[in-house]
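Have a look at the structure below before the remarks.
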Number of protein chains: 2
Amino acid sequence: MTTEPQIERNSAEQTRLALVRAALDLFGRKGFEGSSTREIAALAEANIGSIAYHFGGKEGLRTACAEYIVSTLSAVSGQVLGSAPDPSDLSPAEAHALLKRMIETMLGFLVGQARSRDFVQFILRELANPSAALDAVYDRLFEPLHRRLCRIWQAATGEDADSDASKLAIFTLIGQIVYFRIGREAVQRRMDWTNITDVELKALTASVTANLDAMLAARTPPPTKPKES
Amino acid sequence: MTTEPQIERNSAEQTRLALVRAALDLFGRKGFEGSSTREIAALAEANIGSIAYHFGGKEGLRTACAEYIVSTLSAVSGQVLGSAPDPSDLSPAEAHALLKRMIETMLGFLVGQARSRDFVQFILRELANPSAALDAVYDRLFEPLHRRLCRIWQAATGEDADSDASKLAIFTLIGQIVYFRIGREAVQRRMDWTNITDVELKALTASVTANLDAMLAARTPPPTKPKES
DNA sequence: GTCTATAAACAGATAGAC
DNA sequence: GTCTATCTGTTTATAGAC
């Protein structure tokens with residue numbers, strides 16, 4: 001009998017990527033300590049020894065996951081922000097519209113995309129127990145994105161992008177969006193939703209967007225035009 | 001040599017409580033699977049065997065944690081809501097003020113109190129991987145609280161408490177508050193805060209409260225009085 | 001690079017002394 | 001009720017065949 005053990009895989013990178021994807025899945029669902037390397041290897045359809053070979057060990061796999069998240073999410077946020085002009089050139093109305101698009105994109109990805117679940121859970125755990133992996137996520141993804149949003153906020157409201165009030169306002173927006181992912185189970189139960197499809201996603205987006213509108217309206221009273229500074 | 005092994009503890013309940021507290025701490029920080037019964041027993045200064053005796057096993061300890069959280073948090077939320085009258089008797093202004101107080105209380109507990117960290121982390125993990133423990137937390141704590149808030153929302157805005165819009169609006173408020181706990185590490189880094197004391201807590205409260213004001217203002221335009229129905 | 005075998009440490013559960 | 005000893009299975013990491 002002939003054995004055909006290898007299905008002609010362009011071995012190296014493919015195995016590596018499969019391991020990262022599988023690890024992300026399991027780390028997200030059961031936590032780092034709760035996931036065994038055997039499980040990960042089995043899910044990736046790879047060998048147990050390959051983890052040691054490619055990443056040096058379980059810990060190396062964790063940092064590889066962080067890097068994977070950073071590059072993937074950077075691409076997603078860049079998809080919206082990258083095409084946009086420099087925030088300081090935006091009119092208030094344009095900035096408002098851009099923030100709206102940002103909310104839609106983030107909600108669409110976080111709530112709509114299944115794989116985002118693992119990302120968010122992974123980051124959440126790192127956030128709760130800061131490790132070296134968190135530094136990469138914060139420095140290369142979170143901070144740049146938040147800083148960018150603050151500048152758009154400034155264009156929309158006139159508030160200084162570096163003020164505490166602006167930074168916190170952006171955080172409250174992010175909080176609303178992120179909560180719909182992490183609290184998803186509670187939301188679905190309370191709303192009697194068996195799943196979150198496009199219809200439900202639209203309702204979520206409408207809710208957060210309405211809040212954005214209200215926040216901006218409160219800062220730019222419509223009837224009397226604010227004093228020009 | 002005389003041995004003094006027992007320091008006159010009123011054994012039973014005290015050991016039990018110490019185990020739950022220790023478990024909550026470790027489950028919150030390292031996850032259920034990531035925490036060993038030996039660690040828990042050591043932190044509680046109890047014996048390893050006591051876990052099996054009091055809770056039947058590790059899984060029993062998890063549900064005991066859920067029950068502890070429910071009773072503790074119910075007490076906290078009841079401290080605010082319990083004293084308040086029936087929501088349907090509230091004027092819009094009173095409802096507005098009550099929501100404000102609720103925000104202050106929740107932020108004060110979630111962000112201000114150190115022990116809330118374990119609670120939130122525990123619930124978060126259950127939320128990510130629904131187990132029997134989540135049912136208790138949802139049914140006896142989360143749902144009643146959310147329902148109550150929706151009725152206050154109705155009193156403040158006139159919107160039906162059972163409408164999707166009202167429920168989601170409350171979720172966006174909760175999301176802002178909860179995020180300041182779970183994203184605390186990121187918030188501190190971005191704000192350059194070494195810690196969150198009363199001063200920083202005030203800033204957080206002001207930010208969320210301003211959003212509440214804006215949300216309500218958007219629903220009750222000030223100049224033209226809304227059509228009386 | 002992939003895979004197997006194995007080592008050394010650790011897990012949760014249990015039985016039984018006190 | 002508390003504590004110890006021990007059983008059984010699983011963990012990560014490693015050494016080495018292919």
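Note on naming: letters A, B, ... go to the chains in the order of the sequence lines (proteins, then strands), and numbering restarts at 1 for each one.
Using a 4.0 Å cut-off between charged side-chain N and carboxylate O, A:Asp25 and A:Arg29 make a salt bridge. Under the 4.0 Å criterion applied to side-chain N and carboxylate O atoms, A:Lys100 and A:Glu104 are not assigned as salt-bridge partners.
Summarising the geometry, the separation between CG on A:Leu17 and C1' on C:dG1 is reported as 17 Å, rounded to the nearest angstrom. Summarising the geometry, the separation between CD on A:Glu13 and C1' on C:dT2 is reported as 16 Å, rounded to the nearest angstrom. The nearest whole Å value for the distance from the CD1 atom in A:Ile40 to the C1' atom in D:dT10 is 14 Å. As rounded to whole Å, 16 Å separates atom P of D:dT10 from atom CZ of B:Arg38. Going from atom CD of A:Glu33 over to atom P of C:dG12 covers 12 Å, rounded to whole Å. Atom pair A:Lys30:NZ and D:dT10:P shows a separation of 13 Å (rounding to whole Å applied).
Looking at A:Lys167 and A:His146, their side chains come closer than 4.5 Å, going by heavy atoms from C-beta outward. B:Gln176 places none of its side-chain heavy atoms less than 4.5 Å from the side chain of B:Ile103.
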inquiry  = Output the pairing pattern of DNA chain C as a dot-bracket string, 5' first, Watson-Crick or G-U wobble with both distances under 3.5 Å, | for cross-strand pairs, [ ] for crossing pairs.
reply    = ||||||||||.|||||||

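Minimum heavy-atom separation, A:Ala203 to A:Trp193: CB-CH2, 4.3 Å. Counting all heavy atoms, side chain and backbone alike, B:Ile51 lies closest to B:Thr37 at CD1-O, 3.6 Å. The minimum heavy-atom distance linking A:Trp153 with A:Met215 is given by the pair CH2-CE, 3.8 Å. The two residues B:Ile196 and B:Leu201 make their nearest non-hydrogen contact at CG2-N, 4.1 Å.
The shortest distance between the side-chain N/O atoms of A:Asn47 and the OP1/OP2 oxygens of C:dG1 is not below 4.0 Å. For C:dT2, the OP1/OP2 oxygens have a side-chain nitrogen or oxygen of A:Thr15 closer than 4.0 Å. OP1 or OP2 of D:dT11 has at least one side-chain nitrogen or oxygen of A:Ser36 nearer than 4.0 Å.
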request  = Kindly indicate, with the supporting measurements, whether the criterion side-chain hydrogen bond (donor to acceptor under 3.5 Å, both in side chains) is fulfilled by A:Tyr68 and A:Arg21.
outcome  = CA-CA 9 Å; A:Tyr68 180 79; A:Arg21 287 230 173 90; 2.9 Å; yes

Evaluation steps, side chain to side chain contact (heavy atoms under 4.5 Å, CB included), between B:Val20 and B:Phe55 = CA-CA 10 Å; B:Val20 170; B:Phe55 308 99; 3.8 Å; yes

Taking only nitrogen or oxygen atoms into account, show me every contact under 3.5 Å that the protein makes with nucleotides 16-18 of chain C, one pair per line with its distance.
none

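For DNA chain C, the residues of residues 48-59 of chain A within the heavy-atom distance limit of 4.0 Å (strictly under) are A:Tyr53, A:His54, sorted by number.
Geometric assessment of B:Arg62 against the ring of B:Phe32 yields a positive cation-pi assignment under the 6.0 Å and 45° thresholds.
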